[in-house]
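Report on one structure; see the data block that follows.
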Amino acid sequence: MPLALLALAVGAFGLGTTEFVMMGLLPDVADDLGISIPTAGHLVSAYALGVVIGAPLLAAVTARMSRRKVLIGLMGLFVAGNALSALAPGEHWLLAARFLSGLPHGAFFGVGAVVATGMVAPERKARSVSLMFLGLTLANIAGVPVATLMGQHLGWRATFLGVSAIGLAAIASLALLIPHDHAHAPAVGLRRELVALKSVPVWLALGTTVAGFGALFSAYSYITPMLTDAAGYADSSVTLLLALFGVGATAGNLIGGRLADHSLRGTLFGGLTSLVVVLALFPVLMSTQWTAATAVVLLGTAAFVTGSPLQLMVMEKASAAPALASSANQAAFNLANAGGAWIGGLALAAGLGATSPALTGAALAVLGLGVAAVAAVVDRRRVGVPAGRERVVASHVPEQAEAVRY
């Protein structure tokens, strides 16, 4: 694997850290700015909104630019957003800075996935994407806990300055390791790229992402009350348990990348099925502390097995606009975050019990399996390839040659 993937992983580490660290800093930010914790929660939503808007917008605007320069520019925007967060004098300024920080998130992963797959042989594309995502999963193990501790001891503003430093390190890594490329001016143009996103297979792939990761966030958004109220853990133990989730996510990401290079759709179906089983067993697994800890690891593993396959599948279904489609998939991840948390919250509000968000997550994972099955049927009808067969679809542009697996 090219060393340049390390630079993409460093950028992903910074993005993952700043995305999730706000959850641990909400009480400190609320106290400092004199606002309630629910109001401070809007800072999480502001970042997610930035991702959803910025992912397809920035990918489309920069489609004809050098991808190396685009990645460096996106990380520059990330550094600026986090530095402004550290300097924000009040709530509204901080909201704006968090929105700005979220803008480059999806586009970075989208363009980065195209760059990563373009540097390796077709049979290693999924693994290259998983190595970029490795920075995101490692952020949950090391970046978020360390950044949270920094905020608690040095103040929340120090956390965002620290994240800005990670962004500067990512810029240096990108400048040193990503190969120079020429401006990409695809013959199809922006309008044709947007048309490529209108196809049914692309939307089915995006729908699978929303349902599958909505299942994860339906449960994960409320994992703390599950661990404390159902499993009986003390509040002080939750940070360590969340790090265990990061360990599971890292393992699942690497396993999914390797398996997807052999069978893209098979890995997707296997990951979603595993997610259904794990979430359905949550009420039982949360009955004792050791099984609850195991459940947290298994949740991260099952969910992130599907990460690389989903990213690569969306890119393959929109081969005329891979960066735009890949960025749109990142927007879908964040829609899944918001939607899954909302659906899990409805179950809690209805008084169905502390573990009820996991059961709603299992239902969403079943929905994801259904959408993935429909996508498989549509693909076979379009190309006439029997189930389990694979073929390579060669584009007239060498870097767009895609290995499509059915």
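With contacts defined as side-chain heavy-atom distances shorter than 4.5 Å, the pair Leu136/Leu15 does not qualify. Between Leu369 and Phe269 there is a side-chain heavy-atom pair separated by less than 4.5 Å. Two residues are said to be in side-chain contact when any heavy atoms from C-beta on lie closer than 4.5 Å; Tyr233 and Met286 fail this criterion. Val115 has its side chain out of reach of Met132: every pair of non-hydrogen atoms, C-beta onward, lies at least 4.5 Å apart. Considering only heavy atoms from C-beta on, Leu33 comes within 4.5 Å of Trp156 through its side chain. Using a 4.5 Å heavy-atom cutoff, the side chains of Lys125 and Ser308 are not in contact.
In this structure, Phe109 and His105 have tilted ring planes: the angle between them lies in the 30° to 60° band.
Side chains of Thr291 and Thr288: a donor-acceptor N/O pair is present below 3.5 angstrom, by distance only. A donor and an acceptor atom, one from each side chain of Asn253 and Ser130, are nowhere located under 3.5 Å apart. For Ser218 and Thr360, the side-chain atoms include at least one donor-acceptor pair closer than 3.5 Å.
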Stepwise ring-ring contact (aromatic ring centres under 6.0 Å, His included) test for Phe304 and Phe213: CA-CA 9 Å; Phe304 277 85; Phe213 272 81; 5.8 Å; yes
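Judged by distance alone, the side chain of Ser164 and the main-chain N or O of Ala83 form a donor-acceptor pair under 3.5 Å. Side-chain atoms of Tyr220 never come within 3.5 Å of backbone atoms of Ala215 as a donor-acceptor pair (strictly under, hydrogens ignored).
We find the CG-CG distance between Leu298 and Leu275 to be 11.0 Å, quoted to the nearest 0.5 Å. Note that OG1 of Thr17 and CD1 of Ile166 are 4.5 Å apart. Values are rounded to the nearest 0.5 Å.
Arg258 CZ: 12 or fewer foreign heavy atoms inside a 6.0 Å radius.
Taking the six-membered ring wherever Trp is involved, the centroid distance between the rings of Phe108 and Phe78 does not fall below 6.0 Å.
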